[in-house]
Structure formats: C-alpha cells, structure tokens
> 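Have a look at the structure that comes next, please.
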Amino acid sequence: MSISLRDRWSTSILHLSAYIAGKKNGLLTVHGMRSLLNVLLIVGAEILLLLISLPSYVAAQPVGDTAGTNEYRLRRALTLGIIGTLFIIWILKLALILTLAGFVNNNRLTSSTTVTETYNQSGNTETFADDILIARESAELASPTVTKIQNIRGRIAFWGTAPANSTVVFAFTLNSETASGKTVTPKIYTTQAGADGRFELWEDASIFNLPKGAYTGSVSAYDPVREIKSAQSHTFSFSVTESFWNTLLHSADTILNILALLVILIGLLMTILVT
Amino acid sequence: MKKIIVLEDEQVLQKALSIELLGARFEVLSALDGEAGLALVKKELPDLVLLDLTMPKMNGFDVLKNLKEDATTKSIPVIILSNLGQDEDKEKGLALGAKDYYVKSSTDLSLLTEKIKKVIG
C-alpha cells in the first residue's frame, strides 16, 4: 500500500495534536522551569500545527461536513484573506521592483566619486577626483552659480551657470553628519557646462541618488586642460525626501511582517478558543 | 457512497480526518461534541462512527454506551481514535462494543483508513 502525501499530512496533524494534548494534560503535573518549558513547547507546537493545517483552510469545505461550519468558515476566510493579502502585496512589491528599479536604488553611484580620507591618503595614481583635489585654485576661473534647485516628480535637479565648457563639481554634505561632529565626507558629483556656460545636474539612480536628509552644497568649476579650479561658490541647501514609491516599498515590508505576525496570532488565538 | 460520522472536538484534526476520509471516497459528517454527535448519529444512521473519547458535553464512552443501548444504532460499527492510551481505557472501549481502538499518537491514518474500508467495505 502506498502512502500518499495527503496521508502523511493528515497523520502529521494527528500526531502533532496528540503531542499538544499530551503536553496540556501533563501541564499540571510539573512545576517551575519544566512547566515553563512545557508552555513554550505547547505554543511552538500550536504554531507548527497552525502552519501545517493551513491547507485544510484552503481546501474546499467537505461535502456534508456539518460540524463547526461557522468557525470553519471564519477561520478559512481569515486565513485565505490574510494569505491573499500577503500574496497581493508580494506581487505588487515585485512589480514595483521590476518596473521602478530606479526608485529602489538609493545609493548606487556609477559616474561619480566619493572622496574619502582613505582615498586621499592612499597615494593612488592620479584619478579624476585627485585631479580636482590637487588642482590649483585660480581666479582665472569664475565660480559657478547655482540658480535653481527643483524637485521634479521625485528627482532633484540643479541648474546654473559656469565658465563655458568647464567641469562643474558639486560637493554635498549631509547636515546631520556635520552636526554629529564626525569627519564629514562630502559627496562629489560632476557635470559638464555647455559652450553657453549653462549646466544641469539631475538626480538619477544611474548617476547619483542621495539618501533622504537635509543637505548643504557648494559648487566649483574645474578646467582639466589648465588643471585649475575656481573658488567654491556660495553654499546652498536642499532636502531630499523619500519618494512615494520608496515609502510604499518600505511600508510594504512592515505591512508584510505585521500580517505574517497576525496570521500566527489569529490562528493561535482561534485554535486556543475553539479547542 | 458509505457514510462516516467523525466525532472529534479538535477542529483542526476533525478537518484533517474529514479530508482524509473524503479522499478515500467516503461521505463524511462530523460533530464537535458528544451530545451533538450522538444526535447526528441517530439522525443519519451512518455506516461507521469514528469516535474521540475526550469531548465536551458528553464523553466518548457515554456516546458509545448510548449507541450500543439503542436498537437503531447498536449495529453501527464504532472505531475509537483517542489520546487515551491506557490499557484500561482500551479494554473499556472494546467492552462497550467498539470495533477497534486506536491511540492518536501512534496511529497512521492511512492504516486507519484501510481498517475502515475493511469494516464497512
């Protein structure tokens, strides 16, 4: 005789419920830590029983099965409702990640360089960031001016003017880091001024994407041919707030965790109340 | 289709038993306490009763005794499936007229289903 998956499943429920009943009966015969241990074992076994028995709520109501119909329907509705909600949230989250990946990658930087102390002291061969750092400051190159900062559909953009064809170097510091007294590591991003001296820098996940917070920024111009840089511009400030999609994604995690906890607690509570 | 009544107060287990027996092509009815179970058996006159012993309102021994004292239900085979595994419980159950006695913690439901098929085949 072959033993089907259904046989194994129903037998495991039988054995687990027998184990719980045995532990409950023995609860009054032990004291102290053993009693506490038994309570923990019962709670653990109840949770396991709830998880194992989930398929019985998913299965159709057995024909002619008359006992506890209302409780069964309530438990089934609750379980299916919560599982369905979890599933929908997972699907939505997956869809958001696949279609709006740009909103998810907050800290991905590809064509920018973060200057760190280690970097400065490492004695690396010259890099673009090193070039800017060691370039001679010269009055021959005027400081750029940031004329507009705007948040457009969740992306922060900067506009301004600089010497024609110069490299415009943005340095951003997070105000909370400055206030904490730690060594502040500015984030450096560059863009190119056009022949008319105008420049733009757009927040883009593939270029730069600042974590949320209040920032102070300044900007300078760099001429790679003459290897000179301008003085820092006036400082400007702006705030980065989390986009709706990021908030939704982060909330989805919290909602999922709360729902998962609810599934266990409701099942546990109902098992205790009904049995 | 043969009809079985499951008298089991633990709902999760009762559903699992129902699904197991439905899968074996039996019609399944059930009750969650002794009193309701006794009334259901007398009303439906099933081919077999699967009986738990520890139940609210009326325990399984009393249900069994009542069934065996009633001329309309005394021929219905009863199989006990209980947590009580003491010899005296088994002896009492069989003495009251149960066809067989299974202890939950050591029972394989596929074997129990086979046994049920043999009894009411």
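None of these values were measured; they are calculated from a predicted model. Just so you know, these numbers use all the heavy atoms, side chains as well, and skip hydrogens, waters and symmetry mates.
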> Got a sec, which residues hit side chain to side chain contact (heavy atoms under 4.5 Å, CB included) with B/E35, two or more places apart in sequence or on another chain?
B/D33, B/K57, B/M58
> Quick one: CG on A/N25 to OG1 on B/T54, what's the gap to the nearest 0.5 Å?
7.5 Å
> Is it true that a side-chain atom of B/S105 and a backbone atom of A/H15 form a donor plus acceptor pair closer than 3.5 Å?
no
> Would one find more than 12 heavy atoms of other residues, nucleotides or ligands at under 6.0 Å from atom NZ of B/K74?
no
> Could you report the tightest heavy-atom contact between B/L13 and A/S17, atom names first, then the distance?
CD2-OG, 3.7 Å
> What's the separation between atom CG in A/L14 and atom CG in B/L17, rounded to the nearest 0.5 Å?
6.5 Å
> Less than 4.5 Å to any heavy atom of chain A: does that hold for the side chain of B/L81, its backbone, both, or neither?
side chain
> Are A/I13 and B/E20 side-chain neighbours, meaning at least one heavy-atom pair lies under 4.5 Å?
no
> How about B/K65: does its NZ atom have over 12 heavy atoms from other parts shown lying under 6.0 Å from it?
no
> Quick one: do A/E46 and B/V12 satisfy side-chain contact (heavy atoms from CB on, under 4.5 Å)? Show the steps, please.
CA-CA 11 Å; A/E46 289 278 13; B/V12 171; over 6 Å; no
> Using non-hydrogen atoms and a 4.5 Å limit, figure out which bit of B/T107 sits close to chain A: side chain, backbone, both or neither.
both
> May I ask you to test the B/L109-A/D7 pair for a side-chain heavy-atom distance under 4.5 Å?
no
